Amino acid sequence: MAIQSAAKATMRTFLNSVYYIPRNQREYTWDSGNLEDFWMDLESILRHSESMHFFGQIVIYNDTATKKKYIIDGQQRTVTSMLFLRAMQYYCETLRGNPLTDAQKTELDNIDYSIKQCLGRPSTQYDSDVQLHLNFENEIAINDYFQNKIIKGAPTSKKETDEPARENMRAAYYYFYDKLKEKLRFAAIDEQIKMLYPYRNSLLDRFEVMYLETNDLGESYVIFETLNARGQELETSDLLKNYVFSKSGGNLPSVEDKWKKVTNTLAGLDLTKYIRYYWNARYGLVREKDLYREISATIKSPKDAIDLVTDLNTCAPYFHDIFNPDNCIAFDDKETIQHLFSLQSLKATTFVPIVLALEMRKDQFTAGDIANILDAIETYIFRNATIAGKTANATEVFFSSIANDIYEQNFQSEKEITDTIRGKMIADEDFENLFVTFSTKTTQYIRYILLKVHDHLNSNHELNRNPSDVNIEHIMPQTLSPAWNIDSKIHERYVQRLGNLALLDEKLNKKASNAPFVDKKEYYKKSLIKPNQNLLQYNQWTPAEIEDRQKNLAKLALEIWR
């Protein structure tokens, strides 16, 4: 292993050099919680004069060809430390606006000089030899902001809405400035200067890091991954990104660009989950804990790296649509989108590899084929998982196998796929028997079932599906009035049974409330929701009627989910 240096170092020692943030690093992401932890650690050191604070590890790649030192691990802590020092330096600048003695000016000069030893200085037209101690190669705009708005001056008090990394820097800068101001502002100038020294010294001399430096890029990533593999804050996707980038060679700019497009497309979604579902479709089932090992064993060359991110970039819009069917950017087939809404209602995700595999083999399948396959998936999940309670693990194994067979072109047609899926559904008799006793408190399931029943009975009437406009009605009410002479144990047993549930217009539902059944029927009569009309045939509402209605619903279920 090409480790050149491995030793503990104070932040003063560490920051007294020039570093670069490589292009593949995450942007600055520390939020108020992270900043508060940093400040509390600083305050703790101030209270315990002889203690040291371990600030984590710093992994440096020393590129001997370019004579640049790259921070592979430790960017967030390094940037935060410099933001704190710059906020302190700016506080000193504000003090200079007061009448000062020569001694006070000298002390402020000393603090300023010591901070410049850590921050460095921007080059000027007169002195191009000086240099900042932290430079961002990943984003020119971030580097310019850090140099011009942080180091050279004070950032605006207005939020940076267009760039999260800049906003995080701006917020951190003012967080530390405000903390110092809160601590010092009521003291006399002389006392404020004296109080600044302990804060500066605590960070520079008593915050300690484990500094590791290597001149081998590959080894630097191995060290980074080894140190962080068990960490809670680092996502598997971050480790994978670093590994793939390290294997990109001359393709690195293109790989970086495609990776960024993926993250932009999937903003707010679980990137690790996406990569795993893609891998399950392409190579077969892998658990998340094994994902890094599987990818690192497969992706070995620049071509492998570019092929991987190309696929990820191509499939990303479809993954986006699965979790955002109300805002599709790839799918435009109405039937397909409706199935995605239904699968979202069923809280289903195990089918995702199948959709990704279909898109990777899209020349073989039409939009109609995809809709038919999703219909089979929806029916399978409803029968086997929602009603029969089959585990998600078993479903994931089954669907991942189908997805990989689609990718490997082992299926020749949509019918082969749907037949395979339907062939594993629970038998009609079992489905019906389980349905007649089905009970749930999950509102998404209740709404899904009753809406499907309505659509089946009255396909020409499009129902308002907004939960705030169409409520779930408990025919035997959740809160019993004196008119409902029901034993509490029977009530508990039957109140959430599907046969006791209906969808009802919000205004009618409020009026029905916990009224007697004979009064509720008047509101059901006014309802345009088709299944509610069948309630009019009953003269009373007891467990016998609930069971009878649910048996009738089970017969309809066999027609709908087949």
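What you are looking at is a predicted structure, and each value in this text was computed from that prediction instead of being measured. Residues: numbered from 1 along the sequence shown.
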Visitor: Is there a ring pair (Phe, Tyr, Trp, His ring centres under 6.0 Å) between Phe319 and Phe323 once you walk through the steps?
Guide: CA-CA 7 Å; Phe319 184 83; Phe323 292 93; 4.8 Å; yes

Visitor: Under 3.5 Å, is there a donor-acceptor pair between the Tyr70 and Glu137 side chains?
Guide: yes

Visitor: With distance as the sole test, does Arg206 use its side chain to make a donor-acceptor pair with the main-chain N or O of Asn201 at under 3.5 Å?
Guide: no

Visitor: Report the distance from atom CG of Leu343 to atom OG1 of Thr349, rounding to the nearest 0.5 Å.
Guide: 10.0 Å

Visitor: Hey, what's the ring geometry for Phe207 with Phe55, parallel, tilted or perpendicular (30° and 60° as the breaks)?
Guide: perpendicular

Visitor: Please name all residues satisfying side chain to side chain donor-acceptor pair (under 3.5 Å) with Arg86, sequence neighbours left out, ordered by chain then number.
Guide: Gln89, Glu93

Visitor: Ignoring hydrogens and geometry beyond distance, is a side-chain donor-acceptor pair present between Tyr274 and Ser237 at under 3.5 Å?
Guide: no

Visitor: Return yes if some donor-acceptor pair links the side-chain N/O of Asp321 with the main-chain N/O of Ile329 below 3.5 Å, else return no.
Guide: yes

Visitor: Could you go through the ring pair (Phe, Tyr, Trp, His ring centres under 6.0 Å) check for Phe136 and Tyr28 one step at a time?
Guide: CA-CA 11 Å; Phe136 297 79; Tyr28 183 66; 8.6 Å; no

Visitor: Considering residues at least two apart in sequence or located in another chain, which fulfil the ring-ring contact (aromatic ring centres under 6.0 Å, His included) criterion with Tyr318?
Guide: Phe331

Visitor: Under the side-chain contact (heavy atoms from CB on, under 4.5 Å) criterion, do Thr298 and Trp279 qualify, and how do the steps go?
Guide: CA-CA 11 Å; Thr298 306; Trp279 201 261; 3.6 Å; yes

Visitor: Considering the options Asn280, Asn404, Ile381, which one meets the side chain to side chain contact (heavy atoms under 4.5 Å, CB included) requirement together with Phe399?
Guide: Ile381

Visitor: Side-chain contact, heavy-atom cut-off 4.5 Å: Phe38 with Arg77?
Guide: no

Visitor: With side chains defined as the heavy atoms from C-beta onward, is the minimum distance between Phe84 and Leu203 less than 4.5 Å?
Guide: yes

Visitor: Calculate, to the nearest 0.5 Å, the distance between atoms CD1 and CD belonging to Ile142 and Glu27 respectively.
Guide: 5.5 Å

Visitor: Please indicate whether Lys181 has more than 12 foreign heavy atoms, meaning atoms of other residues, nucleotides or ligands, lying under 6.0 Å from its NZ.
Guide: no

Visitor: Which residues satisfy the side chain to side chain donor-acceptor pair (under 3.5 Å) test with Thr391, sequence neighbours excluded?
Guide: none

Visitor: Are Thr366 and Asp369 close enough that a side-chain donor and a side-chain acceptor fall under 3.5 Å?
Guide: yes

Visitor: Looking at Asp257 and Ser254, would you say the former's side chain and the latter's main chain have a donor-acceptor pair under 3.5 Å?
Guide: no

Visitor: Identify, with sequence neighbours excluded, every residue that meets side-chain contact (heavy atoms from CB on, under 4.5 Å) alongside Thr420.
Guide: Phe398, Ile402, Phe411

Visitor: Does the Arg166 side chain pair with the main chain of Tyr145, one donor and one acceptor, at a distance under 3.5 Å?
Guide: no

Visitor: Check the pair Val352 / Lys273 against side-chain contact (heavy atoms from CB on, under 4.5 Å), numbers first and verdict last.
Guide: CA-CA 10 Å; Val352 174; Lys273 182 180 289 186; over 6 Å; no

Visitor: Is it the case that the side chain of Tyr91 and the backbone of Phe176 share a donor-acceptor pair, with hydrogens and angles ignored and the cut-off at 3.5 Å?
Guide: no

Visitor: Do Ile111 and Ile115 pass the side-chain contact (heavy atoms from CB on, under 4.5 Å) test, and can you show the C-alpha distance, the side-chain angles, and the key distance before you say yes or no?
Guide: CA-CA 6 Å; Ile111 294 173; Ile115 291 176; 3.9 Å; yes

Visitor: Can you spot which of Asp37, Asn168, Leu35, Leu83 makes a side chain to side chain contact (heavy atoms under 4.5 Å, CB included) with Trp30?
Guide: Leu35

Visitor: Is there a donor-acceptor contact under 3.5 Å from the side chain of Asp405 to the main chain of Asn410?
Guide: no

Visitor: Can you name the ring-ring contact (aromatic ring centres under 6.0 Å, His included) partners of Tyr173, sequence neighbours left out?
Guide: none

Visitor: Sequence neighbours left out, what passes side-chain contact (heavy atoms from CB on, under 4.5 Å) with Thr263? Give chain and number order.
Guide: Trp259, Lys260, Leu271

Visitor: Could you go through residues 370-379 and list every donor-acceptor pair under 3.5 Å that involves a side-chain atom there, pairing it with any protein atom two or more places apart or in another chain?
Guide:
residue, atom, partner, partner atom, Å
Asn372, ND2, Gly368, O, 3.3
Asp375, OD2, Arg422, NH2, 3.0
Glu378, OE1, His339, ND1, 2.7
Glu378, OE2, Tyr448, OH, 2.5
Glu378, OE2, Lys452, NZ, 3.2
Thr379, OG1, Asp375, O, 3.0

Visitor: Is the backbone of Tyr199 close enough, under 3.5 Å, to the side chain of Ser202 for a donor and an acceptor to pair up by distance?
Guide: no

Visitor: Would you find a donor on one side and an acceptor on the other, under 3.5 Å apart, between the side chain of Asn384 and the backbone of Lys424?
Guide: yes

Visitor: For Tyr175, which residues count as a ring-ring contact (aromatic ring centres under 6.0 Å, His included) partner, sequence neighbours excluded?
Guide: none

Visitor: Which heavy atom of Asn16 sits nearest to which heavy atom of Gln117, and what is that distance?
Guide: OD1-O, 3.3 Å

Visitor: More than 12 heavy atoms of other residues, nucleotides or ligands under 6.0 Å from NZ of Lys68: yes or no?
Guide: yes

Visitor: Are Met195 and Leu180 close enough, and set up right, to give a side-chain contact (heavy atoms from CB on, under 4.5 Å), and what steps lead you there?
Guide: CA-CA 10 Å; Met195 293 170 70; Leu180 289 170; over 6 Å; no

Visitor: Checking Phe14 now: which residues fulfil ring-ring contact (aromatic ring centres under 6.0 Å, His included) with it, not counting sequence neighbours?
Guide: Tyr19

Visitor: Could you tell me whether Arg287 and Glu396 have a side-chain N and a carboxylate O separated by less than 4.0 Å?
Guide: yes

Visitor: Kindly write out the residues that satisfy side-chain contact (heavy atoms from CB on, under 4.5 Å) with Lys300, not counting sequence neighbours, or none if the list is empty.
Guide: Tyr243, Asp304

Visitor: Could I get the full list of side-chain contact (heavy atoms from CB on, under 4.5 Å) partners for Ala171, not counting sequence neighbours?
Guide: Glu167

Visitor: Could you check Thr236, Val286, Leu240, Leu239 and say which one makes a side chain to side chain contact (heavy atoms under 4.5 Å, CB included) with Ile295?
Guide: Leu240

Visitor: Under 3.5 Å, side chain of Asp333 to main-chain N/O of Thr336, donor-acceptor pair present?
Guide: yes

Visitor: So that I can tick it off, tell me whether Arg12 and Asp205 are bridged by a salt bridge, with the cut-off set at under 4.0 angstrom between side-chain N and carboxylate O.
Guide: yes

Visitor: Is there a donor-acceptor contact under 3.5 Å from the side chain of Glu208 to the main chain of Gly56?
Guide: no

Visitor: For the atom pair CG (Asn324) and CD1 (Ile337), what is the distance rounded to the nearest 0.5 Å?
Guide: 12.0 Å

Visitor: Of all residues at least two apart in sequence or in a different chain, which pass the salt bridge (Lys or Arg N to Asp or Glu O under 4.0 Å) check with Asp109?
Guide: Arg96

Visitor: Does a salt bridge link Glu43 with Lys179, judged by any charged N lying under 4.0 Å from a carboxylate O?
Guide: no

